[in-house]
Chemist: 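Pasting a structure here, questions to come.
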Amino acid sequence: MHKPKVLVTRRWPAAVEAKLSEKFDVVLNRDDVPLMSYQFRQALLDYDAVLPTVTDQIGPDAMELADPRTKLLANYGVGFTHIHLPSAEAHGIVVTNTPDVLSECTADLAMTLMLMAARRAGEGERELRGGNWTGWRPTHMVGTKVSGKTLGIVGFGRIGQQMARRAHHGFGMKIIVHNRSPVAADVLAKYGAVQADDLDDLLPRCDFVSLHCPGGAENRHLINSRRLDLMRPNAFLINTARGEVINEHDLVQALTFETIGGAALDVFDAEPNIARTLLDSDRLVMLPHLGSATTEAREAMGFRVINNLEAFFNGQPPPDRVN
Ligand code: DGY
């Protein structure tokens, strides 16, 4: 039987690559080098499905083609703002993502960042590894208590709710959420949460603010100097969503002039290039986009892509269609 021709743009977990190879006429990216834009355009002419991820910027130019062979972009990842949906739609290309399976691990990482920033874990490790620790003393590297504080969650989808679950039930935190649509009362009740009128209403009320909203043009620089000024002077900002949601220049200003307590980032506007000013800030914890980076989540993401491929090529609606 004819197997659909499928291109995987990056290295995936071995178990998933093996399953893909059984089921499809698959080309893997064994060197794990990101595709150039021209290679991506060519792929759309040569393959039935292309399996991109967040490192593939698929703008209108990448899809400026007369008659692409590709009919499915099955994205490996929950975020899909790197794919220009109107261009995909113009070609009748279906786009899918991988929700749910990474929510717990991404929320675990947001908790990690929140705790690291509050308890100065990055600074502490740097001091110790640098051979600069002189021993215990009552005033040494004193941080901020997390338990019982107020956490603002911006974007109350699956990951935001997992964050609320951990923070409220594990750390006794009070939860305030900002979401573009009203959140059902029974969902809020699960986490003892209240919904703020808007983001400007949420920011001054929180000790910690964690971002879980989509990226893209709609939320670009949602957190800017005006909104950073609305935060409490000792509050912390956590971002595991997308880099573009924060104006990094404004964040550096806020950290430098100590108008907020600190910040922790897993995502960056121009990643993997990190602004020098961010690297120089000691009040900032940074990780290299590790939100979903567990064996469990990364394998589950791959198998979720396979579900979408199988449904699509069997003529069924793919479960995670986003357009
Ligand atoms: C996503 O899924 O969108 C993450 O950023 C990568 O796991």
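Counting starts at 1 for both ligands and their atoms, following the listed order.
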Chemist: For atom 4 (C) of ligand 1, what's the nearest protein heavy atom and its distance?
Modeler: H289 NE2, 3.7 Å

Chemist: Please state which option from P214, S292, A241 has its nearest heavy atom closest to atom 6 (C) of ligand 1.
Modeler: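 It is S292 whose heavy atom sits nearest to atom 6 (C) of ligand 1.
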
Chemist: Identify the heavy atoms of V183 and Q195 that sit nearest to each other, and give their distance.
Modeler: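 Nearest pair, atom of V183 first, then Q195: N-OE1, 2.8 Å.
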
Chemist: Below 4.0 angstrom from a heavy atom of M301, which ligand 1 atoms are there? Numbered from 1 as shown, please.
Modeler: 7 (O)

Chemist: Take the angle between the ring planes of F156 and Y191 and call it parallel below 30°, perpendicular above 60°, tilted in between.
Modeler: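 Judged by the thresholds at 30° and 60°, the geometry between F156 and Y191 is perpendicular.
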
Chemist: Indicate whether any N or O donor in one side chain lies under 3.5 Å from an N or O acceptor in the other, for D320 and N308.
Modeler: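 Their side chains do contain a donor-acceptor pair, which is all the 3.5 Å distance test asks for.
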
Chemist: Specify the protein heavy atom at minimum distance from atom 2 (O) of ligand 1: its residue, its atom name, and the distance to 0.1 Å.
Modeler: V78 N, 2.7 Å

Chemist: Give the numbers and elements of all ligand 1 atoms closer than 4.0 Å to a heavy atom of G79.
Modeler: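 Near G79, the atoms of ligand 1 are 1 (C), 2 (O), 3 (O).
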
Chemist: In the structure I gave you, are the side-chain heavy atoms of T96 and N75 within less than 4.5 Å of one another anywhere?
Modeler: no

Chemist: Just checking, any donor-acceptor pair under 3.5 angstrom between side chains of R10 and T55?
Modeler: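 Distance-only check passes for R10 and T55.
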
Chemist: Given that the side chain starts at C-beta and the backbone is N, CA, C, O, which of these parts of L102 lies under 4.0 Å from ligand 1, counting heavy atoms, or is it both or neither?
Modeler: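 Just the side chain.
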
Chemist: May I ask you to identify the nearest protein heavy atom to atom 3 (O) of ligand 1, giving residue, atom name and distance to one decimal place in Å?
Modeler: R242 NH2, 2.6 Å

Chemist: Can you tell me if R11 has over 12 outside heavy atoms packed within less than 6.0 Å of its CZ?
Modeler: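 Yes - once you tally the heavy atoms of other residues, nucleotides and ligands closer than 6.0 Å, there are more than 12.
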
